[in-house]
Each structure stands twice: as C-alpha cells, then as structure tokens.
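Keep in mind the model is a prediction, meaning the values are calculated, not measured.
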Amino acid sequence: MVSRPDRLARTAMAGLASAGADLVFGVPGGGPNIEMIESGAGVGMGFVLTHGEAAACIAAGTYGRLAGVPGGAVVTRGPGLASAANGVAQATLDRFPLVLLSDTIPAAHRDRIGHQKLDQTQTMAPLTKWSGRLGFDNPTEAVGKAARIALDPPAGAVHLDFDPTHPGDQPPPNLPVPTVDGEDLLKARRLVAGSRRPIFLVGAGAAPIAKEVRAVVEEAGIPALVTYQAKGVIPDDSPSYGGLFTNSAAERRLVDSADLIVAVELDPVEPMPGAWPYHSPVLALSTHPIMDSYYPATVELNGRIDSILGDLAEGLSSAWPPGAGPEQNTRFREALEAESPGFSPLELVETLIEAGPDDPVLTVDAGAHFLVIMPLWPVRRPLDLLISNGLATMGFALPAAIGAALARPDRPVMCLVGDGGLGMTMAELETVARLDLDVTVVVFNDSTLSLIDVKRDPSSPLGPGLVRYGPTDFAMAARSMGLPGHVATRPRHVREALAAGSGPRLIDARINPETYAHVIRETRG
C-alpha cells in the first residue's frame, strides 16, 4: 500500500492538532512539506515562516513549553533536516516539547536517488527522545503517540520522517507515571524527621507545582534555591528565596550549612558539570527516575511530586535563622557590584529592570551577559524567564522570543542577547517585524565573545583576535529589516528607547565588558 502525500499530510496534521498543537514553524523546501503546511491550515493549524530551521525548532519548542502543547516544526529533507539539529538538541536538553516533521527520500526510491540522501532517522536519533518514519500505517495514531512522548516528562523533541511509501514506525508506548515505593517513602520520612536545617534545590520540572513547592518552603521557613530554568518557581520576593543553584561558588556557603538537601525536580542537565561538592544526604523528588546520576541521592522518590511533598511536609522543621535565604541572595548580589568605566552590563540590566515594560516574559541567550541578568532580574512566576541551560546554546533568545510572543500575545517580551548570539540569528529580526510582535531585543554589544575572552590564555599567539569581532551596527541592521533601531551608550539612551511605546524594536547597547571578569569570579569562583 502506498499513501498519497496529500492524504498522509492531512492525517499527520490532524494527529498533531488532536494532540493540542495549533501552530507550526518552519522553512518550506522541495518535496511534500508544502502539502504538510497547507494541510495544517485545513485543521486550523497556523504557520510561521522563519529564516532558519534551527530557529524554527527553538521557536516551536518555546511555544509548546509556554502553551503546554507539542510545538510543531516542518522542514525539508537533507539540508533542512541537518540545519534543524541545534534546535532539536535544544528542545531535548532544555526539556521543551517539540515534534519535528521532515520530508525525506521515500523508501521506494532510495535505491536510485543519492541527492540529499541521509539516514535522517538515525541522524536525529541521538538528539531526540524518539526518531522514526511516519508512513501510511495509522499515521494519525503515530503522530498522537509521538506528541505524547514529546510532552511526557522529561519533555523533549521527537522526529518523524514523512514517507508515504512506507508503513512507518510506531512510537513506543508511553511510560506510566511511577508509583512511590513504600520502603523508600519511610526512609524519606526518617531523613526529613532527623533534619533541622533542610534546604530545597528546585529544578525546572517543578514549574507545574510551583504553588505547592512555595507553600511548603515558606510554611516551614526553609531556604530554597532555584536553577536558571526554575526562576520564578520560588519568587524572588519570597521569604524563602536564596538565589540561584548552579553548582558553583556563589551558593556554596548556604548549601554547605544544610544537613539535608531536598532536590525537587533537579534535572542533571541544569547545574554546571563539576563534581558534587556536598556531603549532606540528598532526598531527590522527581516525576521520573533520574537516569544520569549527577548527584548522589540517598533516597529517590518518583511519582506525583505534589502528593509526595504533602506527605513529607508535616515532618519538616527548620532551625534556620529567619531570612537565611534572602540574606544569602542579597550578599551575592552586592558582591557582583564593581566599578567600571563606561556603560557596564550591570548598569544596563538595572536600567532595563527599572524602565522596561511591565510584566515581561524574558528570553536570555548564552554568553557572559546572562551571569549578570540571572541573579539580578526579579521573576515572580515560573516560565516568565526562558533560557537554554541544558544545551546552553547561543542563538536561543531571539527565536525563543518569537515563540514566547506568539504563546503570550498579551505580554511584552524582552529578548536579551549578546552580539555573538544575535549574529547567529539576526535574520529572525525580520520575522519579528513581519509578525509585528511586541518584542524588545536588547543587544549586549561589546564585539567580543566575552565569556570565552575571560577564559582564554592571554599569552596565546592568536591574541584577542581569537574572540573579537569588528564593530557591528545592530540598530542599523534592525532598521533595514523593519524594526526601530536605537543605539545606547549610556542608561539615558536605554530609557529613551523604552519610553517610545511598545511593539517590535531593538536597542543596540554598546557596553564595556570589563566587569565580566569580576562577575565570573564571584559567580563561579
């Protein structure tokens, strides 16, 4: 049996729509992916044209993360699929739900066609939770199962090769929610009962139960630290908020003082990969087993975390002095301050917090600038700040801002990106302008890969040219693509640009990177 491409496209998109998706992103190419996109319109699926396939995947995964649906992306075969790789890896390692549909050379013709020929399912297999072929055998069911895999914790990317000449591969069954082991629960209760200074380390997977986690730590007077992706699960203004957990020097004093570490959905992809330095017992709570044993869990409980927390909450007590968490956070923030000639990244962040739009969703790129943004930016709800932390890829913030603006059309979006990251995705400024999205792009422009510059050996024969770019006028580039572009060389210029109303715009902030070395020392030791 061979299915017609248009029939398979309709059933595939119907399956994606039935899983909750209402938007796909992509770059059309040769083959039937145009039919996929057009078929999506027939079931109410919108389409967003991007300039790059990786950007399409990042935008789609971000949209899915915020909307609670599988983000959809469509690419052509060969170079389209290969170009999508970074966006697919980002979705998988940052736990964003993504379904990637790719055109492929049909199985019936693979023996005679070499042009753009790749084993696409094997290419995507290491980057996804599952990669297979979508064929004529139960395609709607197959897409539905694939979407469920993308959404099931830990969320991530799945890939389907669109082949109307093949029966297809059926995705594996979804894993059941684990049930708590009774003996392990007794051990956990004993750990909690014997602790006087417990501390909570909270990861990104706790976003759906943020209210429950916050209630437990605040009721017991326990300090809690959050990973980058968990910003907002414990609000910055909470009496329990102790700052960020990155497994670096910044938080070590507080965590060292604890006699029990309660790791709530602490995913091993989130902290820095150094050795685990703590000797207190670890009680790990997660919806799914932590297969990568990054930290040595004394007891691990898998299942409904809100229910487990409710069971353990009665035994929690605290001998911490009042305000131990906020005191630690304040001490660290003060340590970041440093004198700097010119317009510093700290001044820029403080100005954006003070003069920026109310209640924004923030997307943050990889680079030295995030070491300033993350501890300073106040976040009060989960998913109000989005960052690539598992993959930690440059080029995340701008496509993520597109996905966020479409998922949260009633909220302004601020995209904070370095010159290196924007250089990788600059064409997507046209996408922001074309869609008329309320996105403010702020470029931390120092013409340098500053995070790498601090680490490089100054005696290298390549000199500073190893990490330095020539000057780039990003404001002019933005204007050429339809966005108002503003140059800022001091805080006053930033305030003036932000006062110019809402809608798409770019602020090219020409900063002095000198303080980054101090920030990195204070943050990472």
Side-chain angles (χ1 to χ4, degrees), residues 1-51 53 55-57 59-77 80-81 84 87-88 91 97-108 120 132-151 157-171 399 402-403 405-407 409 431 434-437:
M1 175 182 178
V2 175
S3 173
R4 285 178 49 188
D6 58 347
R7 184 186 308 125
L8 181 56
R10 285 196 301 272
T11 55
M13 285 300 173
L16 197 57
S18 66
D22 58 1
L23 200 60
V24 292
F25 300 73
V27 184
N33 54 78
I34 286 284
E35 292 166 341
M36 287 188 249
I37 294 166
E38 291 175 341
S39 296
V43 293
M45 192 88 68
F47 173 68
V48 176
L49 173 65
T50 62
H51 288 266
E53 289 85 357
C57 290
T62 302
Y63 182 88
R65 178 80 169 113
L66 293 177
V69 301
V74 175
V75 301
T76 192
R77 72 192 188 196
L81 185 282
V88 172
L98 172 69
V99 176
L100 174 64
L101 288 161
S102 63
D103 177 29
T104 191
I105 296 172
Q120 296 190 165
R133 288 166 292 190
L134 179 67
F136 54 75
D137 187 10
N138 295 323
T140 303
E141 180 183 356
V143 172
K145 286 181 179 178
R148 189 69 257 163
I149 292 171
L151 287 165
V158 295
H159 163 244
L160 291 166
D161 243 356
F162 183 93
D163 185 352
T165 74
H166 191 277
D169 303 316
Q170 285 300 309
I402 294 168
L406 292 167
T431 308
R434 172 169 29 97
L435 300 178
D436 193 28
L437 301 175

Side chain Asp169, main chain Arg133, donor-acceptor under 3.5 Å: yes
With side chains defined as the heavy atoms from C-beta onward, is the minimum distance between Phe162 and Ser102 less than 4.5 Å? no
Nearest 0.5 angstrom please: Leu160 CG to Lys145 NZ, how far? 12.5 Å
Who are the side chain to side chain donor-acceptor pair (under 3.5 Å) partners of Arg10, not counting sequence neighbours? none
Could you list the residues that satisfy side chain to side chain contact (heavy atoms under 4.5 Å, CB included) with Ala56, not counting sequence neighbours? Phe25, Thr50
Quick one: side chain to side chain donor-acceptor pair (under 3.5 Å) partners of Gln170, sequence neighbours excluded? none
For Ala12 versus Val143, what's the shortest heavy-atom pair and its separation? O-CG1, 3.6 Å
Which salt bridge (Lys or Arg N to Asp or Glu O under 4.0 Å) pairs, counting each pair once, include a residue from residues 32-42, with sequence neighbours left out? none
Taking the side chain as every heavy atom from C-beta outward, state whether Val24 and Leu101 have any pair of such atoms under 4.5 Å apart. no
State the CE-CE distance between Met13 and Met45, to the nearest 0.5 angstrom. 5.5 Å
Checking Pro139 now: which residues fulfil side chain to side chain contact (heavy atoms under 4.5 Å, CB included) with it, not counting sequence neighbours? Leu8, Thr11, Leu134
With Asp436 via side chain to side chain contact (heavy atoms under 4.5 Å, CB included) - residues at least two apart: Pro504
Which pair of non-hydrogen atoms, one from Ala142 and one from Pro171, has the smallest distance, and what is that distance? O-CG, 3.5 Å
Side chains of Leu406 and Leu437, heavy atoms from C-beta outward: is any pair under 4.5 Å? yes
Validation row: Pro28, Ile37 side chains within 4.5 angstrom (heavy atoms): yes
Residue pair Leu49 / Arg434, side-chain heavy-atom distance below 4.5 Å: yes
Taking the side chain as every heavy atom from C-beta outward, state whether Leu81 and Leu100 have any atom pair closer than 4.5 Å. yes
Taken in chain and number order and not counting sequence neighbours, the residues that satisfy side chain to side chain contact (heavy atoms under 4.5 Å, CB included) with Ala67 are Tyr63, Val69
Gln120 side chain to Asp103 backbone, donor-acceptor under 3.5 Å: yes
